[in-house]
Structure formats: C-alpha cells, structure tokens
**Student:** 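After the structure tokens below, expect a handful of questions from me.
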Amino acid sequence: MLNPNQITPPAHTGGITFECEDFPVNFSPIQEFGWSSIHYVKPGSQQHSISMVRDTHTLLIFDRGSYSDGWRSVDGLRIGQRGILGTGVDVVPAGSQLNAWSGLKSNIGCTLISVDPQRLDPILGEDERAYQFRPASNLCNELLVAVASRISAWVALDQRERGGLQTETLLTLLAQELSRVQHGSGTGSVHRGGLAPRVERQVREFVNESLSASINLETLASLAGLSRFHFSRAFKASFGLSPHKYVQQERLRRACELMEHSDQSITDIALQVGFASSSELARTFKQLKGFSPRQFRNALSSRTAQDLP
C-alpha cells in the first residue's frame with residue numbers, strides 16, 4: 001500500500017504530488033533561469049504514483065536504463081509503454097493532467113525541466129502557436145537525443161562545471177527543436193547567404209559544448225532547421241569552412257589548449273576532444289599545422305624553460 005504520509009512537497013515544482021511506498025522523493029535543483037528550471041528526481045525502485053497539473057510545460061528526460069512496469073497517462077490517454085523508458089523527451093503541456101504509477105519492478109531517475117509558456121517569445125519567436133506543446137512520449141530525433149543526453153549528464157556535475165551560458169543554450173535548443181518537431185517550424189534560416197546570427201551562435205556553442213561526442217552534419221542541420229544541402233552552403237558562407245573542417249579545427253584548438261595547460265597524455269587529450277585515437281589527432285595536427293602534437297608540446301616546454309630566470 002502507498003503511504004500518503006510519504007508525500008513530499010516539491011520545492012519550486014508546484015503542481016506535482018508523489019505518493020511513495022518506502023521513502024520520500026526529493027527534488028534536487030540543478031539550474032534555474034527566468035523562463036525555465038531544471039530539477040532531478042529519483043523515486044528509484046519503490047512503488048509510487050504521481051499526479052501532476054502545472055502552469056508550466058514539463059519535459060521529462062529519463063536516466064539511461066530507467067524502466068517501469070507501470071503506466072502513464074496525460075488527460076486520460078495512455079502514453080508510452082512498459083519496459084525501458086526512452087532516450088528522447090516526454091512532454092506534458094501546461095494545464096494537462098498527468099497520472100502515473102510504477103510498481104516494484106521499476107527503477108526510475110528523471111531530469112525534470114519546467115518551461116514557462118508565457119516567456120517563450122525570445123526563444124521561439126512571436127508565433128504563439130509555437131508555444132503550444134502537445135503531449136508526447138519519447139519524442140526524439142538525432143538532435144533531441146544528443147541534447148537530452150547532455151542535459152541528463154548534468155546531475156553528476158557541480159555548478160561550476162555546468163556553466164550557466166552552456167546550460168541555457170542547450171535548454172534553448174531543446175525548446176526550439178521540440179517546437180520544430182511538433183509544429184514543423186524551423187529554428188533558424190539562411191541570412192544573406194549564410195546562417196542567421198542567432199543560429200550561427202547556437203551552432204558555434206553546440207559544437208564547443210559537444211566536441212567529445214560525435215557531431216554529424218544531420219544533427220547540425222537539424223539544429224538550424226535546414227536541409228543538409230542548404231545548411232552546408234549557409235555554414236560555409238558564415239564560417240568560411242565546411243562543417244567537417246570547422247569541427248576538426250575546433251577539436252584541434254581544444255587539444256592545443258589542453259596540451260598547454262594540462263599534463264594529460266596525448267592519447268587522453270585526443271579522446272577527450274573527440275578524435276578516435278592519438279594517431280587521428282596526429283594526422284589532423286600534421287595536415288593543419290605542419291608538425292606533430294609531440295613537437296608542439298616539446299616546443300611549449302622549451303619556451304617555458306627559456307622563460308624561467
């Protein structure tokens with residue numbers, strides 16, 4: 001039996017009620033902005049039920065490996081299925097009624113994102129139809145999965161490692177891509193032959209934030225709301241390089257910074273910035289700089305020695 005005395009009043013997450021069998025469920029704050037906030041909740045493997053009606057859109061990103069033997073419904077309609085919970089995003093629109101139950105054969109951890117529909121105009125533009133999210137379970141494409149995975153990893157990071165600008169940028173991308181998928185509206189456009197300034201900034205920040213992961217043309221084009229063909233042309237007009245060469249250049253720049261400011265091995269640095277191996281880093285280094293990573297690091301050591309009194 002569920003014990004109603006175990007209901008936890010959620011801080012900054014009004015409109016959500018948990019009833020749990022064993023222990024209270026706490027909401028851990030991750031980050032908060034004017035238009036959105038992030039919390040982490042882990043009911044774990046205990047039996048529990050949820051009731052939720054909120055003034056904000058609620059986006060749910062489940063931990064990898066989360067599973068449930070129960071059910072979920074929004075406004076009386078079942079969403080999702082039993083078993084492994086998806087790698088995409090569940091959407092509960094503002095004003096919708098979510099009810100859910102999970103039994104003892106469940107294990108759930110979840111990042112909960114609250115989005116104020118009244119403050120989305122700087123994010124989604126002036127068309128109010130874009131603010132009206134629809135109920136969805138495991139909504140995903142390559143970009144949504146990549147962004148959701150990055151957001152769910154924040155739980156293990158401290159405040160300094162998250163970085164407010166990077167966090168808000170990824171939340172912005174998430175909201176824009178959800179709107180694009182649900183309403184067919186793009187997040188950006190071609191601007192004077194190149195990418196629109198806002199999209200150019202978003203692409204730059206996304207690449208910078210995702211160097212250690214796989215970054216492909218389809219994901220970047222989806223981010224801009226363009227076909228791969230039009231994105232490639234617009235990107236080159238904006239950056240002067242193809243997307244592939246730009247990502248290579250940024251990985252090399254980050255590798256140089258790490259070689260200069262850390263004592264990590266060249267192999268570890270190569271993997272950290274997204275190269276498949278140290279030999280791939282060495283090839284790229286030779287192509288773009290004309291010498292090897294080891295020669296670069298040795299030159300840094302010689303210069304440092306010369307600077308010593």
**Student:** For residues Q202 and Q176, is any side-chain donor paired with an opposing acceptor at under 3.5 Å?
**Tutor:** yes

**Student:** So, E168 and W35: side-chain donor and acceptor under 3.5 Å apart, yes or no?
**Tutor:** yes

**Student:** Is there a path of hydrophobic side-chain contacts, each under 4.5 Å between heavy atoms, that joins L258 and L252?
**Tutor:** yes

**Student:** Of all heavy-atom pairs between P135 and Q182, which one has the smallest distance, and what is that distance?
**Tutor:** O-NE2, 4.5 Å

**Student:** In the structure I gave you, are the side-chain heavy atoms of P93 and D75 within less than 4.5 Å of one another anywhere?
**Tutor:** no

**Student:** Could you tell me whether the side chain of S179 reaches within less than 4.5 Å of the side chain of Y131, counting heavy atoms only?
**Tutor:** no

**Student:** Distance check, rounded to the nearest 0.5 Å: L85 atom CG versus D90 atom CG?
**Tutor:** 7.5 Å

**Student:** Verify the cluster assignment for L211 and L271: are they in a single hydrophobic cluster under the rule of side-chain heavy atoms below 4.5 Å apart?
**Tutor:** no

**Student:** How about F296 and F285: are their ring centroids closer than 6.0 Å?
**Tutor:** yes

**Student:** I'd like to know if the side chain of S149 reaches the main chain of V145, judged simply by a donor and an acceptor atom lying under 3.5 Å from each other, with no hydrogens or angles considered.
**Tutor:** no

**Student:** Side chains of R54 and I16, heavy atoms from C-beta outward: is any pair under 4.5 Å?
**Tutor:** yes

**Student:** Go through the steps to decide whether E177 and R180 satisfy the test salt bridge (Lys or Arg N to Asp or Glu O under 4.0 Å), and finish with yes or no.
**Tutor:** CA-CA 5 Å; E177 185 65 4; R180 189 186 74 81; 2.8 Å; yes

**Student:** Any sub-3.5 Å donor-acceptor pair from S137's side-chain atoms to I79's backbone N or O?
**Tutor:** no

**Student:** Treat each ILVMFWY residue as a node, draw an edge where side-chain heavy atoms are under 4.5 Å apart, and state whether Y40 and V115 are in one component.
**Tutor:** yes

**Student:** Could you pull out the closest heavy-atom pair between G88 and C140, with the gap in Å?
**Tutor:** CA-CB, 3.8 Å

**Student:** If you define the side chain from C-beta out and look only at heavy atoms, does anything of W71 sit under 4.5 Å from N99?
**Tutor:** yes

**Student:** With clusters defined by side-chain heavy atoms of hydrophobic residues (ILVMFWY) lying less than 4.5 Å apart, directly or transitively, does F235 cluster with L217?
**Tutor:** yes

**Student:** Quick one: does I113's side chain get under 4.5 Å of I61's, heavy atoms only?
**Tutor:** yes

**Student:** Is the shortest heavy-atom distance from the side chain of F62 to the side chain of T87 under 4.5 Å?
**Tutor:** no

**Student:** Is a donor from one side chain sitting under 3.5 angstrom from an acceptor on the other, for T284 and R251?
**Tutor:** no

**Student:** Would R72 and W101 count as a side-chain contact (heavy atoms from CB on, under 4.5 Å) if you check the C-alpha gap in whole Å, the side-chain angles of each, and the deciding distance to 0.1 Å?
**Tutor:** CA-CA 7 Å; R72 286 170 288 160; W101 177 85; over 6 Å; no

**Student:** Could you verify whether a donor N or O on one side chain and an acceptor N or O on the other, from N208 and E250, lie under 3.5 Å apart?
**Tutor:** no

**Student:** Just by distance, do the side chain of S66 and the backbone of G109 share a donor-acceptor pair under 3.5 Å?
**Tutor:** yes

**Student:** Quick check: are there more than 12 heavy atoms from other residues, nucleotides or ligands sitting under 6.0 Å from NZ of K236?
**Tutor:** no

**Student:** Return yes if some donor-acceptor pair links the side-chain N/O of H48 with the main-chain N/O of Q46 below 3.5 Å, else return no.
**Tutor:** yes

**Student:** Working to the nearest 0.5 Å, report the span between CD1 of I269 and CD of Q264.
**Tutor:** 5.0 Å

**Student:** Looking only at side chains, do S51 and T17 share a donor and an acceptor under 3.5 Å apart?
**Tutor:** no

**Student:** Taking atom CZ as the centre, does R119 end up with more than 12 heavy-atom neighbours from other residues, nucleotides or ligands that are less than 6.0 angstrom away?
**Tutor:** no

**Student:** Do S265 and D268 have side-chain atoms, one donor and one acceptor, less than 3.5 Å apart?
**Tutor:** yes

**Student:** Around atom CG of D69, are there more than 12 heavy atoms of other residues, nucleotides or ligands at under 6.0 Å?
**Tutor:** yes

**Student:** My understanding is that only residues two or more places apart in sequence, or in another chain, count here; which of them pass ring-ring contact (aromatic ring centres under 6.0 Å, His included) with Y67?
**Tutor:** none

**Student:** Let's go through L195 and F239 carefully: what are the C-alpha distance in whole Å and the side-chain angles of both, what is the deciding distance for side-chain contact (heavy atoms from CB on, under 4.5 Å) to 0.1 Å, and is it a yes or a no?
**Tutor:** CA-CA 9 Å; L195 298 172; F239 289 86; 4.1 Å; yes

**Student:** Can you measure from CD1 (I108) to CD1 (I50) and round to the nearest 0.5 angstrom?
**Tutor:** 6.5 Å

**Student:** Heavy atoms only: give me the nearest H57-A94 pair and the separation to one decimal.
**Tutor:** ND1-N, 3.0 Å

**Student:** Rounded to the nearest 0.5 Å, what separates atom CG in L120 from atom CD in Q132?
**Tutor:** 9.5 Å

**Student:** Examine the side chains of R64 and S152 and answer whether a donor and an acceptor come within less than 3.5 Å of each other.
**Tutor:** no

**Student:** For R134, I'd like to know if atom CZ has over 12 heavy atoms of other residues, nucleotides or ligands within 6.0 Å.
**Tutor:** yes

**Student:** With salt bridge (Lys or Arg N to Asp or Glu O under 4.0 Å) as the criterion, how do E200 and R204 come out once you've worked through the C-alpha distance, each side chain's angles and the decisive distance to 0.1 Å?
**Tutor:** CA-CA 6 Å; E200 183 178 326; R204 192 186 303 276; 3.2 Å; yes

**Student:** If you look at every heavy atom in Q47 and L104, which pair is closest and at what distance?
**Tutor:** N-CD2, 3.8 Å

**Student:** How many angstroms lie between atom CD1 of I38 and atom OG1 of T111, to the nearest 0.5 angstrom?
**Tutor:** 8.0 Å

**Student:** Could you give the distance from CD (E257) to OG (S262), rounded to the nearest 0.5 Å?
**Tutor:** 10.5 Å

**Student:** Passes side-chain contact (heavy atoms from CB on, under 4.5 Å), L178 versus V181? Steps please.
**Tutor:** CA-CA 5 Å; L178 286 172; V181 169; 5.9 Å; no

**Student:** Which atom pair, heavy atoms only, marks the closest approach of L139 to L144?
**Tutor:** O-CD1, 3.8 Å

**Student:** Is L174 close to L59 at the side-chain level, that is, under 4.5 Å between some pair of heavy atoms?
**Tutor:** yes

**Student:** Classify the side-chain pair T56/D116 by whether it contains a donor and acceptor separated by less than 3.5 Å.
**Tutor:** no

**Student:** Check step by step if side-chain contact (heavy atoms from CB on, under 4.5 Å) holds for L60 and T58.
**Tutor:** CA-CA 7 Å; L60 305 172; T58 305; 3.8 Å; yes

**Student:** Using side-chain heavy atoms (C-beta onward) and a distance below 4.5 Å, is L220 in contact with F206?
**Tutor:** yes

**Student:** Do we see a donor-acceptor contact under 3.5 Å between the side chains of E205 and T169?
**Tutor:** yes

**Student:** Tell me if a side-chain donor or acceptor on S106 pairs with a main-chain N or O of G103 at a distance below 3.5 Å.
**Tutor:** yes

**Student:** Looking only at heavy atoms, which two atoms of L171 and S36 are closest? And how far apart?
**Tutor:** CD1-OG, 3.4 Å

